[in-house]
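Worksheet for the structure shown next.
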There are 2 protein chains.
Amino acid sequence: MKIGTHLIARNKEYLIYGISMALVLFLLKMLVAHFIVYNYRLDFFIGSIAIVFTVLGVWLALKLMKPKVETRIVEKEVYVTDPDSIPIDHAEIARLGISKRELEVLQLISDGLSNEEIAEKLFISLNTVKTHSSTLFQKLDVKRRTQAVEKAKRLNII
Amino acid sequence: MKIGTHLIARNKEYLIYGISMALVLFLLKMLVAHFIVYNYRLDFFIGSIAIVFTVLGVWLALKLMKPKVETRIVEKEVYVTDPDSIPIDHAEIARLGISKRELEVLQLISDGLSNEEIAEKLFISLNTVKTHSSTLFQKLDVKRRTQAVEKAKRLNII
DNA sequence: GTCAAAATCATACTTTCGTGTGAGTGAAAT
DNA sequence: ATTTCACTCACACGAAAGTATGATTTTGAC
């Protein structure tokens with residue numbers, strides 16, 4: 001009894017679909033038998049069936065599709081005494097889509113270097129450093145390098 | 001040229017579906033014309049069409065649907081240093097001759113605020129903030145605000 | 001009350017930073 | 001083979017930051 005109800009509930013969509021399909025088929029057969037001329041309207045007839053069942057298929061799929069889960073992260077602060085004991089959150093870095101080079105630039109920014117100095121240290125042009133830091137700021141959702149440093153330290157990515 | 005390609009790419013699914021539908025219809029008509037007896041196999045015929053287009057409909061829906069999202073909240077631990085565990089070195093501040101106001105500005109700089117924002121927060125002009133930060137940099141013997149923050153944290157004066 | 005330091009502001013100027021746009025290359029993935 | 005992505009670079013422009021100089025006002029100490 002209980003199992004039966006359960007099964008019906010779990011497969012309700014399939015049941016509904018099956019019944020709908022049977023009904024529609026029955027209806028179509030009635031129409032065929034009584035009103036519709038076989039030959040010259042056959043194309044239209046087939047088209048109709050196709051459309052109806054396409055719609056049914058779409059409806060079925062929409063009903064049955066399992067929703068994709070999206071994780072939302074809530075920060076929870078844990079206080080530690082030794083600053084060096086703070087582990088770097090590689091997962092967070094990956095989540096933000098920060099590349100290796102960008103991370104290097106971020107580290108040097110937090111060391112207080114200017115873009116020019118960073119360029120010299122990494123043997124790349126000033127423009128490249130600017131590009132890196134600009135994309136970095138977007139990924140960190142900040143406007144300035146000082147904010148980037150503040151947020152990066154808060155997120156334990158440097 | 002570019003727009004054309006773009007449009008085709010964006011609506012590829014629709015195109016494929018349309019072409020598939022046309023092909024299947026054509027195929028069915030051929031079958032009808034040559035092999036299938038109209039009357040007593042009509043049920044089977046209609047059933048086949050129904051199944052085919054249901055499958056197509058499902059496929060279409062799965063292809064086109066934006067995935068349903070279901071948010072799931074996950075707590076994440078963020079390690080931070082206990083602010084109280086690092087005492088502020090007032091002696092060092094005095095030694096460097098940093099004034100009260102300058103220290104305020106320094107703190108706000110390390111919070112990532114722009115000079116403009118600092119000015120608003122302290123109800124003073126932008127020029128005054130610049131003056132403060134400039135003298136601050138001299139006292140800290142640094143050239144930029146990022147360096148100032150780095151050094152200030154190292155010296156435990158913020 | 002005087003004096004020095006701190007705090008305020010301005011003007012003008014230079015430097016650095018940051019964005020937008022576009023583009024080329026090489027490596028890895030499909 | 002084609003696409004995608006990280007990395008590289010350039011140029012132009014606007015927005016901040018920083019310096020220099022000088023001035024006025026507050027404040028606290030002597």
Side-chain angles (χ1 to χ4, degrees), chain A residues 90 92-152 157, chain B residues 1-10 12-13 16 63 90 92-152 157:
Chain A
H90 298 285
E92 186 68 22
I93 294 171
R95 197 181 67 78
L96 294 172
I98 294 173
S99 73
K100 215 177 313 166
R101 204 55 157 170
E102 286 161 358
L103 200 64
E104 283 185 89
V105 172
L106 178 57
Q107 181 61 60
L108 294 176
I109 285 176
S110 98
D111 289 343
L113 303 204
S114 68
N115 287 340
E116 187 65 53
E117 289 165 340
I118 293 173
E120 283 170 26
K121 183 158 266 185
L122 297 183
F123 301 106
I124 57 181
S125 84
L126 172 61
N127 283 316
T128 305
V129 176
K130 285 184 181 182
T131 303
H132 282 320
S133 53
S134 195
T135 61
L136 202 44
F137 298 158
Q138 287 180 305
K139 287 175 181 177
L140 283 171
D141 190 28
V142 297
K143 293 229 164 296
R144 287 173 289 281
R145 48 176 54 222
T146 44
Q147 269 185 16
V149 171
E150 192 275 330
K151 188 156 191 177
I157 65 180
Chain B
M1 192 78 172
K2 212 170 186 180
I3 296 173
T5 329
H6 208 69
L7 277 177
I8 289 173
R10 285 184 75 86
K12 201 172 55 182
E13 316 298 349
I16 293 175
K63 273 287 174 190
H90 298 285
E92 187 68 23
I93 295 171
R95 199 181 63 77
L96 294 172
I98 294 173
S99 73
K100 215 178 312 168
R101 206 54 158 169
E102 286 161 358
L103 199 65
E104 282 185 272
V105 171
L106 179 56
Q107 180 61 59
L108 294 176
I109 286 176
S110 99
D111 288 343
L113 301 205
S114 67
N115 287 340
E116 186 66 55
E117 289 166 339
I118 293 172
E120 284 170 27
K121 184 158 264 184
L122 298 182
F123 302 106
I124 57 181
S125 84
L126 173 61
N127 284 316
T128 305
V129 177
K130 285 185 180 182
T131 304
H132 284 319
S133 53
S134 197
T135 62
L136 201 45
F137 299 157
Q138 288 178 300
K139 289 174 180 176
L140 282 171
D141 190 27
V142 297
K143 293 227 163 295
R144 285 171 293 279
R145 49 177 53 224
T146 44
Q147 269 184 18
V149 171
E150 193 275 329
K151 189 155 189 177
I157 66 179

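Order of the sequence lines sets the chain letters (A, B, ...), proteins ahead of strands, with each chain counted from 1.
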Nearest-angstrom distance from the residue atom [atom1] of [X] to [atom2] of [N]:
{"X": "A:Lys130", "N": "D:dA15", "atom1": "NZ", "atom2": "P", "value": "15 Å"}
{"X": "A:Arg101", "N": "C:dG26", "atom1": "CZ", "atom2": "C1'", "value": "15 Å"}
{"X": "A:Ile109", "N": "C:dG18", "atom1": "CD1", "atom2": "C1'", "value": "11 Å"}
{"X": "B:Lys139", "N": "D:dT19", "atom1": "NZ", "atom2": "P", "value": "14 Å"}
{"X": "B:Phe123", "N": "C:dA7", "atom1": "CZ", "atom2": "C1'", "value": "17 Å"}
{"X": "A:Asn127", "N": "D:dA12", "atom1": "CG", "atom2": "P", "value": "11 Å"}
{"X": "A:Lys143", "N": "D:dA16", "atom1": "NZ", "atom2": "C1'", "value": "13 Å"}
{"X": "A:Gln138", "N": "C:dG18", "atom1": "CD", "atom2": "C1'", "value": "10 Å"}

Side chain of [X] only, please: which of [options] is the nearest?
{"X": "A:Ile124", "options": "D:dT8, C:dT8, D:dG18", "value": "D:dT8"}
{"X": "B:Asn115", "options": "D:dA17, C:dG20, C:dA10", "value": "D:dA17"}
{"X": "B:Phe137", "options": "C:dC9, D:dA16, D:dT19", "value": "D:dT19"}
{"X": "A:Arg145", "options": "D:dG18, D:dA16, C:dC17", "value": "C:dC17"}

Do the side chain of [X] and the main chain of [Y] share a donor and acceptor less than 3.5 angstrom apart?
{"X": "B:Lys139", "Y": "B:Gly97", "value": "yes"}
{"X": "B:Gln107", "Y": "B:Leu103", "value": "no"}
{"X": "B:Glu120", "Y": "B:Glu117", "value": "no"}
{"X": "B:Lys151", "Y": "B:Leu140", "value": "yes"}

Check whether any side-chain nitrogen or oxygen of [X] sits under 4.0 Å from OP1 or OP2 of [N], and answer yes or no.
{"X": "B:His132", "N": "C:dT8", "result": "yes"}
{"X": "B:Ser134", "N": "D:dG18", "result": "no"}
{"X": "B:Thr128", "N": "C:dC9", "result": "yes"}
{"X": "B:Arg144", "N": "C:dT16", "result": "no"}

Report which part of the nucleic acid [X] touches: base, sugar-phosphate, or nothing (heavy-atom distance under 4.0 Å, all strands).
{"X": "B:Ser99", "answer": "sugar-phosphate"}
{"X": "A:Thr131", "answer": "base"}
{"X": "B:Ser114", "answer": "sugar-phosphate"}

**Study point:** Partner of B:Phe137 under side-chain contact (heavy atoms from CB on, under 4.5 Å), chosen from B:Arg145, B:His132, B:Arg144
**Key:** B:Arg145

Exercise for review: Identify, between B:Lys100 and B:Leu126, the residue whose nearest nucleotide on DNA chain C lies closer to the 5' end.
Suggested key: B:Lys100

